[in-house]
Structures are given as C-alpha cells and as structure tokens.
Protein chains: 2
Amino acid sequence: MHETPARAREGDPTIEDVAAAAGVSIRTVSRVLNKSPKVNAETRQRIEAAIAALRFRPSARARALAMRRSFLIGLIHNDRNALVLDSIQRGVVALTAPRGYEVIVHPTPLETEAAIRDVLGFVERSRVDGLVILPPVSGVPGLAEALAEAQVPVTALSSVPIAGFADVIVSEERAAGAQVARHLLDLGHRRLGIVNGPADTASAMERRAGFIEEATRAGASVAEAPGDYDFASGVAGAEQLLARAERPTGIFAANDIMAAGVLKVAAVRGIAVPGGLSVVGFDGSLLTRMLSPALTSVLRPFGDMAAAAAERLIARIEGGEAPPPFEVELRVVPAESTGPAPSV
Amino acid sequence: MHETPARAREGDPTIEDVAAAAGVSIRTVSRVLNKSPKVNAETRQRIEAAIAALRFRPSARARALAMRRSFLIGLIHNDRNALVLDSIQRGVVALTAPRGYEVIVHPTPLETEAAIRDVLGFVERSRVDGLVILPPVSGVPGLAEALAEAQVPVTALSSVPIAGFADVIVSEERAAGAQVARHLLDLGHRRLGIVNGPADTASAMERRAGFIEEATRAGASVAEAPGDYDFASGVAGAEQLLARAERPTGIFAANDIMAAGVLKVAAVRGIAVPGGLSVVGFDGSLLTRMLSPALTSVLRPFGDMAAAAAERLIARIEGGEAPPPFEVELRVVPAESTGPAPSV
DNA sequence: ATCATATATGGCATCGGTGTCAATGAAAAT
DNA sequence: ATTTTCATTGACACCGATGCCATATATGAT
C-alpha cells in the first residue's frame with residue numbers, strides 16, 4: 001500500500017534515453033544541453049538529432065536539484081498593481097522564458113510586518129532564484145534588509161532608489177511631475193491643483209515636488225489635496241480643490257485612478273473637461289483610454305521596466321555582466337482631458 | 001575549472017539535519033512531512049520540534065523529483081484578461097499556496113495555432129502538474145484536444161462547457177443576459193440595444209440570446225451592433241445604435257470595456273446617462289467604479305471562480321474527491337449608469 | 001622516440017527528498 | 001510458551017540531472 005498516491009504521466013524521455021539513442025554517455029548529453037564548448041561538433045549534432053527525435057526536454061526539477069538553483073523567479077505584487085499587472089507580467093515573462101526561467105506570482109499584502117513575513121515565507125517555500133518586486137511593496141520599510149539577510153537576489157521597481165536594494169529600476173518621477181506642470185502651463189493654466197499620493201510614498205512626493213517646483217517657478221499657484229492613490233480619495237481631493245473660491249483650472253492627480261475620481265467630480269458638478277478643467281493622471285494605465293474624456297497621463301512603460309528588471313535580476317543570479325542602467329523615459333501623453341485654460 | 005558556475009545560498013537545513021536532530025531516520029521525518037499516520041505521536045512531536053528549531057523547509061524540487069510531480073500549477077492568460085487578472089491570480093494563489101502548490105503564469109497569444117503550440121511548449125518546459133486556463137484562450141479550438149492528448153490535468157474558466165475539457169467552471173451567461181434585460185425592462189425601457197461580443201465567442205452569444213429572449217418576450221425591441229470586446233468596438237457599436245431614428249434608451253454592452261465605449265459616445269453626443277440613456281456592462285471589473293457615471297454591470301466573481309477552478313484542479317491532480325460543482329452566481333449590480341427610461 | 005598539453009568523453013558521487021520492502025518490538029491470539 | 005498481528009521505524013534504491021575527476025586520444029614540443 002502506498003503512503004502517498006504517486007501519479008505521473010509516463011514516457012517523458014530522460015537524458016538517459018537520449019544518451020542511448022546517440023550512443024554516448026549522459027554526461028556528454030548534459031554538456032550539449034548546457035552548451036559546453038568541449039564537445040565535438042559531430043557528436044553534438046548526433047546528440048541534437050537524438051534530442052529532437054525523442055522530443056526530449058530536460059527536467060527542470062532534476063536540474064534544479066543538481067545545480068542548487070530552481071530556475072524560478074518570483075514576482076511580488078499587490079492589488080495596487082492591478083491595472084498594470086498584465087503588462088508587467090508580460091514584460092517579465094518575455095525576458096525570462098527564453099532564458100529558461102519560469103515566473104511564480106505572489107500577491108502580497110502591504111502592511112509592513114505582514115508583507116515581510118509573507119515574502120520571506122514565500123521565498124523559503126518556493127526557493128525562487130530571485131525576486132522582482134513591484135511598488136508599493138518594494139518600498140515597505142525593512143523589506144530590503146530582510147531580503148538582503150536572506151540573501152535572495154532582488155530587483156525592484158520603484159520611483160526612487162531604496163536603501164538596501166542593490167538593484168532598482170528607477171524612473172525620474174520628479175522630472176515627470178515637472179513635465180506635467182509644463183504641459184498645463186503651456187496650455188495657459190495658472191491656477192493649478194494637485195491630488196497627492198500617500199505622504200509616506202516616495203513616488204508621490206517626487207511627483208509633487210517636481211510639479212510644484214515647475215509651477216511655482218512659472219508663477220502659477222498650486223492648491224493641494226491629500227490622497228492615497230484610491231479612487232475615493234481622488235473624488236474627495238477633487239471636491240476639496242473644486243470647492244475653493246478660486247478654483248484651479250488644471251488638476252494633476254498623482255495616479256490614473258485618482259484622476260478618474262477627478263473626472264467623476266467634474267462630471268457630477270457639470271464642469272466640462274477640458275473646457276472648464278484640465279486633468280492629468282499618472283501611469284498611462286489601461287484606464288486612460290477608457291475614460292471619457294480620454295485621460296492625459298504620464299506614460300510609464302511598465303512592460304519595458306519589468307523586462308529590464310528581469311534582465312538585471314538574471315544577470316545578478318547568474319553572475320554575469322549587469323546590463324547598462326535602464327533609462328526609463330517618462331513622458332506626458334496628451335489626450336482629451338487637457339486643453340487650453342478657460343479664458344475667464 | 002567549472003563548466004557552469006554553481007551558486008547557491010548555503011545553510012538551508014535538509015531533511016537529514018532534522019533527522020539527526022530528532023534522533024530518527026530521514027524516512028521517518030519524511031513521514032511526518034507527508035502527514036503519514038504511521039508515526040508514533042511522541043516521535044512526531046520530537047520531529048516537529050526539530051523542524052521548527054531548525055526552521056526547516058523541505059525542498060520542493062527534491063520532492064518533485066522523487067514524486068514525479070512539480071507542485072506547480074500553470075495559469076494561462078491573455079491580455080484580454082488584463083482587467084481581471086489580478087483578482088483571478090489572487091483567487092488561484094489563495095487556494096493553491098496552502099496546499100503546497102505555486103502558480104506559474106504564462107501569457108499567451110490568442111490565435112489558434114500559435115496558442116496551442118505555445119501552451120504545449122509551456123507545459124513541456126515547465127512540467128506543471130496542471131493548468132488553469134482563462135477565457136478566451138480556454139475556447140481556442142483544438143486546445144482542449146491537444147491538452148488531453150498531452151495528459152495534463154486542466155480546469156478551464158468559460159461561459160459554456162467546452163468539448164474536450166473535463167473540468168470547466170461555467171457561469172450562466174444566458175440567464176445573466178436575461179437578468180440585464182429584466183433590469184432595464186423594470187426601469188421602463190422598451191427600446192433596447194445591445195453591443196455584442198465576437199460572434200464566434202460562446203459567452204457573447206449566450207449573453208445575447210438571454211438578453212434578446214427576455215426583451216422580446218416582454219415586447220421590447222432590440223437593436224444590435226457587432227463588437228469584439230474592445231473599447232473601440234464599443235464606441236463604434238454605440239455610434240451605430242444611437243444614430244438610429246428611434247434610438248434605444250437602454251444599451252447592454254457585452255463587457256465592461258465596450259460599455260466604457262458606450263459611455264464615451266454618450267458623453268460626446270451630450271446624451272445624459274442615465275437621464276437619456278441607460279448603460280449596462282458585463283464583468284463587474286475594476287472599471288465599473290472608475291467610470292462616471294459608475295457602471296451598472298453583471299458581477300462575475302472572478303476570484304471565487306478562479307479559486308474554485310484551482311480547487312477542482314488540485315482534486316484532479318491528487319486524485320481526490322472532486323468538490324461539488326461550483327455554482328457561479330451572476331447578478332446585475334446596479335450603479336449610476338442605469339435609471340428610469342426617459343418619458344418621451 | 002618521449003613527454004607535455006589540449007581535446008573529447010566517461011564514471012561515479014551527489015543534490016534532497018520519496019517508494020519499497022524488510023526489520024523490530026510489543027500486544028494479542030493460540 | 002509460541003505464533004500471529006499490528007504499529008513503528010529504518011535501509012537502500014531511485015528520481016534525472018550536474019560536479020568533479022579520471023581517462024583516452026590526438027597534437028605539438030623537445
């Protein structure tokens with residue numbers, strides 16, 4: 001009687017079958033699989049033919065055991081990433097799959113302690129070779145240190161360098177914030193508003209700083225409202241800004257979701273967009289196209305950023321040359337939600 | 001000289017360390033790990049203590065090799081799933097993680113041949129124990145047969161049973177379509193419109209059939225426009241419907257994204273929603289809350305459906321009892337985009 | 001001709017678990 | 001007292017690959 005029910009599809013050829021078919025030892029087949037140069041060209045051909053004939057695929061598991069690597073990469077994400085998860089995942093897989101890695105996903109909560117325990121547990125369980133971590137989880141205080149101690153290679157996406165993470169794909173959020181201000185200024189806006197992201201979030205503060213700096217330099221005023229990247233806070237922020245006596249004619253929301261909230265308030269109050277109010281979001285998510293009017297937003301190339309992160313991670317895992325720093329180009333993509341300032 | 005650079009974090013305790021610490025053989029430790037009943041209670045305690053003390057985690061890879069199972073589950077998705085991917089992924093992981101499985105994601109194209117080759121290649125490479133496949137990929141002709149031949153356990157999400165897949169989580173799309181019609185009829189609408197999904201998609205045709213059936217039975221008229229689940233086709237469909245002399249007062253779009261397109265056209269044409277036009281979507285995606293007005297939509301509990309799919313998949317893999325059929329309850333969630341028919 | 005050197009290949013241990021079957025000892029049956 | 005039975009545990013092979021080291025053959029140097 002079995003202690004556990006062993007069930008397996010039979011018949012997958014093994015390296016041994018290939019060796020037999022090609023009339024060599026398994027060790028030589030292994031060399032071919034690992035592209036070792038020390039194999040005679042003719043032998044290699046014979047082995048490759050056998051591999052093709054048998055439709056042999058090396059067992060990633062056996063290999064993992066022998067090499068003490070899992071060829072698995074963990075992608076740590078949070079529900080805040082929902083709107084961009086697909087493109088990020090696609091970017092990571094596009095880069096990892098051809099190099100023989102698979103991607104394990106791990107949704108995680110955001111609260112500091114829970115997140116750290118959760119991620120560490122995941123790493124221990126799954127024995128991934130490395131992690132790609134998305135913001136905002138990448139910014140969880142203490143996470144970098146905990147992972148460093150666990151000695152897991154990590155590449156993080158973030159807006160700012162994070163102490164403790166050796167490898168971070170950073171985007172120039174401050175410059176982007178300035179670019180948004182410039183966009184609105186160029187359209188003639190002089191009374192601006194901003195719905196901020198969470199105050200403890202570096203990305204939000206960077207965007208804010210760039211925006212306010214540029215606006216102030218140009219002599220425009222900036223009214224601020226707090227927000228936390230949620231739709232509801234976008235609504236609340238917009239209401240607060242639009243209730244002012246001298247209401248802003250251009251509002252920058254620190255992400256697309258809050259911008260959607262701003263558009264909603266405009267609709268409810270009967271303020272035409274962009275006739276009476278211009279709105280800019282941030283992320284360039286799926287959402288931008290689906291809102292009416294289509295949202296002007298700062299495009300962040302998530303797929304490319306994710307691919308770059310994966311590339312650097314693999315370089316780190318394999319000890320190869322790190323590819324050159326990835327230059328993330330953020331730019332305002334004008335759509336229908338911004339237009340000339342109303343001539344009051 | 002090494003042929004490949006072996007890099008490994010040292011120090012992870014193995015089953016052997018645990019056995020030594022507890023003063024038993026590794027085989028007995030293994031029994032504890034696998035919850036075999038044939039272990040003395042006291043011995044078990046001692047071993048569990050040792051496991052805890054050493055913070056031992058069994059190597060999934062070694063286990064996989066010995067048991068001829070990978071404890072990996074593949075999630076096949078497509079960019080059409082972008083808006084609901086997060087909740088689905090969350091649902092699958094919530095169920096698989098506690099049972100010792102990890103989830104590998106695999107984005108795939110949609111074209112018949114490419115998708116089949118792509119998925120088969122993925123299965124061979126990754127040696128997953130099973131697959132969860134999302135629509136529309138689950139409906140790719142020939143895929144079910146190909147996977148059956150490869151003998152991979154599969155559970156699919158779909159709107160209708162799919163020949164060839166033993167296990168499909170089906171939702172009652174036809175009834176849901178009828179429910180949408182009922183919702184609009186109850187609000188007094190008599191001239192209805194529908195923007196369909198792709199004609200070769202079972203889900204779309206089911207939704208259509210239910211909607212038209214119910215509307216016709218109540219003596220309401222239904223104007224139709226083609227669509228393909230894209231935003232642009234929602235726009236085109238709405239334009240077509242609203243250009244009619246007797247334009248519909250209630251429009252059902254077969255998914256949320258097209259419904260967003262309908263809202264957009266309404267906005268452009270200056271038609272008040274829901275004052276002059278009611279709009280209903282389908283999916284209950286993230287989008288519904290972020291549009292203005294908030295979209296009335298048919299909520300599909302993707303997270304629960306995905307969890308149910310994962311549960312059945314694991315049952316199939318482990319040969320256990322299949323859980324009872326999952327009853328997907330679809331229901332219209334009224335929001336701001338539907339209201340009483342204009343009294344013209 | 002002899003020895004060093006490089007190239008190509010194979011043998012065997014090993015990675016960290018589980019499967020199979022045998023061994024042990026205590027309790028129950030004869 | 002002897003045999004049977006059951007519960008518990010261990011020994012050893014094995015899963016399918018790679019690491020390390022040895023070996024055989026060809027090539028060049030002395």
Side-chain angles (χ1 to χ4, degrees), chain A residues 1-20 22-47 51 54 56-71 100 124-125 127 129 318, chain B residues 1-20 22-47 51 54 56-71 100 124-125 127 129 318:
Chain A
M1 176 134 183
H2 300 179
E3 299 193 335
T4 43
R7 309 179 52 267
R9 283 172 293 138
E10 306 292 335
D12 287 341
T14 74
I15 195 172
E16 205 151 357
D17 301 326
V18 175
V24 296
S25 74
I26 61 171
R27 198 62 194 74
T28 302
V29 177
S30 171
R31 287 195 181 88
V32 171
L33 292 178
N34 291 283
K35 307 200 195 320
S36 159
K38 312 186 196 175
V39 179
N40 183 288
E42 191 212 333
T43 310
R44 158 168 288 123
Q45 278 198 349
R46 209 166 63 243
I47 293 175
I51 289 176
L54 295 173
F56 164 78
R57 301 277 197 152
S59 157
R61 249 49 68 190
R63 200 175 184 135
L65 187 58
M67 300 177 79
R68 281 81 166 265
R69 298 207 264 143
S70 63
F71 293 96
E124 287 176 10
R125 264 205 332 270
R127 309 262 175 117
D129 287 341
E318 300 188 341
Chain B
M1 174 135 184
H2 300 180
E3 299 193 336
T4 44
R7 306 181 55 266
R9 281 172 295 139
E10 306 292 335
D12 288 340
T14 74
I15 196 172
E16 205 151 359
D17 302 326
V18 175
V24 296
S25 74
I26 60 171
R27 197 61 192 80
T28 302
V29 177
S30 170
R31 287 196 181 89
V32 171
L33 292 178
N34 290 284
K35 307 204 194 315
S36 159
K38 313 188 196 175
V39 179
N40 183 288
E42 191 211 335
T43 311
R44 158 169 289 125
Q45 277 198 350
R46 209 165 65 242
I47 294 175
I51 290 178
L54 295 173
F56 164 76
R57 301 278 198 153
S59 157
R61 249 48 70 190
R63 202 175 182 133
L65 187 58
M67 300 178 78
R68 282 80 161 263
R69 297 206 265 145
S70 63
F71 292 96
E124 287 176 8
R125 263 205 333 271
R127 309 263 175 116
D129 287 340
E318 301 188 341

For this session: Using the closest heavy atom to pick a nucleotide of DNA chain C for each, name whichever of A:R44 or B:S30 lands nearer the 5' end.
Result: A:R44
Side chain of [X] only, heavy atoms from C-beta on: which candidate in [options] is closest?
{"X": "B:T28", "options": "C:dT9, C:dG19, D:dT9", "answer": "D:dT9"}
{"X": "A:T43", "options": "D:dT9, C:dT9, C:dG16", "answer": "C:dT9"}
{"X": "A:L33", "options": "D:dT18, C:dG17, D:dG16", "answer": "D:dT18"}
{"X": "A:A62", "options": "D:dG10, D:dA17, C:dT18", "answer": "D:dA17"}
{"X": "A:A66", "options": "C:dT9, D:dG16, D:dT9", "answer": "D:dG16"}
{"X": "A:V24", "options": "C:dC15, C:dG10, C:dG17", "answer": "C:dG10"}
{"X": "A:T14", "options": "D:dA17, C:dT9, D:dC20", "answer": "D:dA17"}

Exercise. Any donor-acceptor pair under 3.5 Å joining the side chain of B:R68 to the base of C:dG19?
Worked result: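 No pair found.
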Exercise. On a plain distance test, is the side chain of B:R57 in donor-acceptor contact with the base of C:dG16 below 3.5 Å?
Worked result: no
Exercise. Does a donor on one side chain sit under 3.5 Å from an acceptor on the other, for B:T43 and B:R46?
Worked result: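 No - no donor-acceptor pair under 3.5 Å links their side chains.
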Exercise. When all nucleic acid strands are considered with a 4.0 Å heavy-atom cut-off, which category describes A:V29: base, sugar-phosphate, or nothing?
Worked result: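 Nothing, no nucleic acid heavy atom in range.
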Seminar exercise, completed: d(B:E16 CD, B:F56 CZ) to nearest 0.5 Å is 10.5 Å
Exercise. In Å, rounded to the nearest 0.5 Å, how long is the span from CD1 of A:I15 to OG of A:S25?
Worked result: 8.5 Å
Please confirm whether the shortest side-chain N or O distance from [X] to OP1 or OP2 of [N] is below 4.0 Å.
{"X": "B:N40", "N": "D:dA7", "value": "no"}
{"X": "B:S59", "N": "C:dC15", "value": "no"}
{"X": "B:R27", "N": "D:dT9", "value": "no"}

For this session: Identify the heavy atoms of B:R44 and B:S36 that sit nearest to each other, and give their distance.
Result: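 Of all heavy-atom pairs spanning B:R44 and B:S36, the closest is NH2-O, 2.7 Å.
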Problem set entry | Shortest non-hydrogen separation from B:P58 to B:L33 and the atoms involved | CB-CD1, 4.1 Å
Within this structure, what is the [atom1]-to-[atom2] distance between [X] and [N], rounded to whole angstrom?
{"X": "A:R69", "N": "D:dG19", "atom1": "CZ", "atom2": "C1'", "answer": "14 Å"}
{"X": "A:I26", "N": "C:dC12", "atom1": "CD1", "atom2": "C1'", "answer": "10 Å"}
{"X": "B:E16", "N": "C:dT14", "atom1": "CD", "atom2": "P", "answer": "11 Å"}
{"X": "A:L54", "N": "D:dA17", "atom1": "CG", "atom2": "P", "answer": "12 Å"}

Problem set entry | Pairwise 5' ranking along DNA chain D for B:G23 and A:L65, keeping only the more 5' one |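 Here B:G23 is the residue nearer the 5' end.
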